[in-house]
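Have a look at the structure below before the remarks.
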2 protein chains.
Amino acid sequence: MFGMSEQGSPPARPTIRDVAREAGVSVTTVSHALNGKGTASEATRQRVLAVADRLAYRAHPMARGLRQGRTGVLGLDMRPLDAIGSYLPEGVDYFMRFAGAAAVTALDHGLGLMLVPDLTRSDIPQYAHGVDGYVVGDPVRNDPVLTRLLDAAIPVVTVGRDPGRPKFTDWVGPDDAYETERVLELLRSRGAENIALLAGTDDNAWNVDSEKAYRSWARRGGMPTRVLHIPEAAGEDGGRDAARRLLRGKQPRPDAIYCQTGRHAAGVLAEARRLGVSVPRDLLIAAGSDAQQTRLAVPGITALDLGPEDSGRAAVELLIARLAGDTTPGPIILPTELRIRASTGDA
Amino acid sequence: MFGMSEQGSPPARPTIRDVAREAGVSVTTVSHALNGKGTASEATRQRVLAVADRLAYRAHPMARGLRQGRTGVLGLDMRPLDAIGSYLPEGVDYFMRFAGAAAVTALDHGLGLMLVPDLTRSDIPQYAHGVDGYVVGDPVRNDPVLTRLLDAAIPVVTVGRDPGRPKFTDWVGPDDAYETERVLELLRSRGAENIALLAGTDDNAWNVDSEKAYRSWARRGGMPTRVLHIPEAAGEDGGRDAARRLLRGKQPRPDAIYCQTGRHAAGVLAEARRLGVSVPRDLLIAAGSDAQQTRLAVPGITALDLGPEDSGRAAVELLIARLAGDTTPGPIILPTELRIRASTGDA
DNA sequence: ACCTTTTACTAAAACGTTTTGTGTTGTATG
DNA sequence: CATACAACACAAAACGTTTTAGTAAAAGGT
């Protein structure tokens with residue numbers, strides 16, 4: 001106490017001790033007054049608040065976090081981040097809307113959201129342990145990040161399920177199978193009889209469940225199936241290549257193509273046009289994920305708007321509920337919007 | 001010491017005390033061994049590392065941050081975040097590339113990046129004080145967030161300068177005046193003799209310096225000037241309205257329009273087409289910011305790629321340098337790329 | 001042999017907050 | 001009058017790590 005060198009000059013940052021000294025009470029009373037705990041009288045409380053305000057006192061989150069064992073910060077595994085440098089705006093659109101909604105939702109609960117670059121690329125960095133829980137998007141089968149976080153006993157909620165963890169139910173997201181059939185039904189109602197699927201190659205539930213639903217739906221409807229697996233990272237080029245094979249190959253030409261990603265769909269559209277295949281007259285196109293490419297294409301491409309804002313919001317809320325001890329079973333299924341555009345023609 | 005209930009069962013999360021106990025040394029020696037400090041012998045160090053690895057020990061960032069007075073986390077003021085819910089992807093593209101590069105750069109230095117929703121909307125939340133410094137983009141004149149951060153003695157670097165703070169030099173970004181003239185020179189070289197400027201309404205340096213440069217450049221070249229101020233949030237609709245006024249008004253019709261934002265430019269293009277004005281034959285269009293809209297437009301719109309990745313990288317690096325005590329004077333001027341597309345015709 | 005420096009280690013303080021445990025006083029009730 | 005409870009406050013411990021301050025022993029120099 002006598003060694004406190006701050007006696008000579010004001011501290012750079014006021015601490016709870018400064019407030020206690022000026023208010024003439026103990027640090028316990030200051031803490032109680034500021035946090036609505038204990039039994040401080042109203043008069044004491046007001047005095048404390050006034051002093052804290054005058055000194056611009058703010059609790060140090062590190063100290064508080066250390067004592068309380070939680071920090072008030074959530075982590076967001078920023079999975080598509082690596083692609084930014086290579087200029088793949090597919091993830092940009094979806095992810096930003098998702099991250100934005102997540103951040104706002106966190107803030108509404110007085111929490112922060114920390115962007116953590118793709119944890120699949122490196123071990124969990126030191127600072128990333130200082131969060132109360134994580135949101136991870138589109139886990140792949142037996143996702144390594146999910147493994148790490150679960151091993152480290154860090155609470156986690158995913159968007160989409162991990163195909164290799166059927167018992168992990170802390171996830172939110174659309175019913176991919178149902179949504180896929182929804183688009184297929186639209187294509188059928190617009191006259192399609194031979195629908196090809198352009199799937200991605202990531203081993204995540206989105207791809208897995210959508211393809212499974214496609215095959216099941218086609219079989220039940222007595223329709224032919226044709227699936228091409230194109231890496232998500234191939235983007236529009238991948239879509240173009242696939243369209244060439246589908247529209248110029250030896251097999252019967254499909255009259256509709258359902259692409260998982262909007263960029264694949266944009267590539268298919270561009271190549272169809274180049275090959276003289278008219279959309280939507282000769283070929284219908286739809287995408288399982290809305291993006292700038294589907295919105296700005298001419299003609300606009302019908303797409304499932306997966307509602308990244310809803311996903312971000314729901315994921316954060318589920319994580320907060322889990323942190324608060326809520327054990328309501330997951331998953332939380334979210335609706336989507338089917339944005340009908342010219343690529344699927346008129347009714 | 002005798003009250004330590006963890007004696008009966010292993011702690012949920014190993015602490016440095018557990019490592020010390022098992023390695024048979026003090027906690028000081030563990031800390032030194034793990035952090036490359038002190039004078040631990042090599043044999044002791046190896047023993048400590050082995051125990052720490054076996055116990056999966058990781059320092060608690062809160063405790064470390066409290067002791068060291070820094071956390072290893074940077075904050076990013078996510079200014080356009082609010083617009084996400086209203087589906088304005090203008091900011092999405094630029095911001096995501098910016099934030100992504102910033103996060104990766106931070107990680108490369110072992111630091112984290114926390115997204116903090118627009119601080120202009122609320123006071124700095126508690127958690128947001130637990131960062132070592134901030135990156136703030138496009139400050140407006142006497143930016144309130146900058147004011148708050150500087151008042152709280154939180155280190156800050158901006159992308160773009162604050163027009164009301166000529167003495168604040170901790171910023172990175174392009175030389176907006178120079179870059180504006182560059183585009184104007186291109187338009188002139190393509191035959192333009194009457195260039196209109198579509199500026200934004202945010203009172204930030206980007207708008208201020210670009211307009212000033214435009215007026216100065218036109219006066220020096222004996223060219224007429226015409227400036228319309230359109231709110232950034234008006235997006236393509238704003239661009240369309242402006243084009244109507246410029247192309248249908250009583251004043252002489254411009255033969256080129258330079259738009260600050262890519263969305264304004266896309267709106268101008270759409271309206272010109274609707275009015276039967278051919279681009280680039282009758283009208284040249286250029287944008288001061290590259291975006292999906294400028295890239296995907298038909299014809300593609302010539303635009304300045306402001307290099308958000310470079311900005312994000314440079315801002316984080318300058319902030320890290322400042323935190324390390326580096327006092328090299330700012331600002332750090334960054335180059336841009338002029339992406340020439342069909343909207344400005346051929347050479 | 002003696003003094004100084006280096007090696008190798010430790011105990012305790014420090015960081016700033018919240019929580020636990022306790023004491024005093026006043027009031028209500030049997 | 002005695003007992004129980006509530007109001008109001010405080011001191012100290014707790015949280016987990018890093019840094020400060022110190023000591024014993026070994027090594028090096030004169």
Side-chain angles (χ1 to χ4, degrees), chain A residues 1-7 10-48 51-52 55-72 126-127 129-130 132, chain B residues 1-7 11-21 23-48 51-52 55-72 126-127 129-130 132:
Chain A
M1 184 68 83
F2 289 103
M4 285 169 64
S5 58
E6 66 262 34
Q7 296 276 37
R13 176 191 180 128
T15 69
I16 198 166
R17 290 183 194 173
D18 304 310
V19 179
R21 191 182 311 116
E22 295 226 11
V25 295
S26 70
V27 294
T28 308
T29 302
V30 174
S31 187
H32 288 165
L34 293 181
N35 294 305
K37 298 190 172 182
T39 51
S41 68
E42 188 59 28
T44 299
R45 202 176 80 82
Q46 290 298 330
R47 194 168 75 244
V48 168
V51 170
L55 297 185
Y57 165 75
R58 287 185 183 82
H60 195 306
M62 301 298 100
R64 171 183 275 196
L66 176 61
R67 185 61 184 82
Q68 294 187 322
R70 55 188 168 81
T71 63
Q126 202 74 279
Y127 68 80
H129 282 270
D132 297 333
Chain B
M1 186 65 82
F2 290 105
M4 285 170 63
S5 58
E6 66 261 30
Q7 296 277 38
R13 173 188 181 129
T15 69
I16 199 167
R17 291 182 195 174
D18 304 309
V19 178
R21 193 185 305 117
V25 296
S26 71
V27 293
T28 308
T29 301
V30 173
S31 186
H32 288 169
L34 294 180
N35 294 306
K37 299 191 175 181
T39 50
S41 68
E42 188 58 28
T44 298
R45 203 177 78 83
Q46 290 299 330
R47 193 168 74 244
V48 168
V51 170
L55 296 186
Y57 166 75
R58 287 184 182 85
H60 195 305
M62 302 297 100
R64 170 184 276 194
L66 177 59
R67 184 62 184 83
Q68 294 187 322
R70 55 188 168 81
T71 63
Q126 202 75 279
Y127 67 81
H129 282 271
D132 297 334

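Sequence lines set the chain letters: A, B, ... in the order given, protein chains first and strands last, and positions in each chain run from 1. Everything quoted here is computed from the prediction, not taken from an experiment.
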If I take atom CD1 in residue B:I16 and atom P in nucleotide D:dT19, what distance separates them, rounded to the nearest angstrom?
11 Å
According to side chain to side chain contact (heavy atoms under 4.5 Å, CB included), who are the partners of A:V51, at least two apart in sequence or on a separate chain?
A:V19, A:E22, A:A23, A:R54, A:L55
Residues in side chain to side chain donor-acceptor pair (under 3.5 Å) with B:S26, at least two apart?
B:T29
Side-chain N,O (A:K37) to OP1/OP2 (C:dT19) below 4.0 Å:
yes
Can you list the residues that meet the side chain to side chain donor-acceptor pair (under 3.5 Å) rule with A:T44, with sequence neighbours excluded?
A:S41
With sequence neighbours left out, the residues meeting side chain to side chain donor-acceptor pair (under 3.5 Å) with B:R64 are B:N35
Would you please name every residue forming a salt bridge (charged side-chain N to carboxylate O under 4.0 Å, His left out) with A:R67, sequence neighbours left out?
none
Rounded (10°) bend between the five-pair end axes of the helix from C:dA1-D:dT30 to C:dG30-D:dC1
40°
Got a second to check how far A:R17's CZ is from A:R21's CZ, nearest 0.5 Å?
9.0 Å
note: B:L34, atom CG; D:dG16, atom C1'; distance rounded to Å ~ 13 Å
Residues in side chain to side chain donor-acceptor pair (under 3.5 Å) contact with A:Q68, at least two apart in sequence or another chain:
none
Return the value, rounded to whole Å, for the distance between atom CZ of B:R58 and atom P of D:dG16.
16 Å
C:dG16 phosphate, OP1 or OP2, under 4.0 Å from A:Y57 side-chain N/O:
no
Listed in order of residue number, which residues of residues 60-69 of chain B have a non-hydrogen atom at under 4.0 Å from DNA chain D?
B:H60, B:A63, B:R64, B:R67, B:Q68
If the sugar-phosphate is the primed atoms plus P, OP1 and OP2 and the base is the rest, what is the B/S/- string for nucleotides 5-10 of chain D, using protein heavy atoms under 4.0 Å?
---BBB
Salt bridge (charged side-chain N to carboxylate O under 4.0 Å, His left out) against B:R47, all qualifying residues, sequence neighbours excluded
none
By side chain to side chain contact (heavy atoms under 4.5 Å, CB included), which residues pair with A:L66, not counting sequence neighbours?
B:M62, B:A63, B:L66
Any chance you could measure A:R13, atom CZ, to A:R58, atom CZ, to the nearest 0.5 Å?
8.5 Å
Interatomic distance, OG1@B:T28 vs NZ@B:K37, rounded to 0.5 Å, equals 13.0 Å
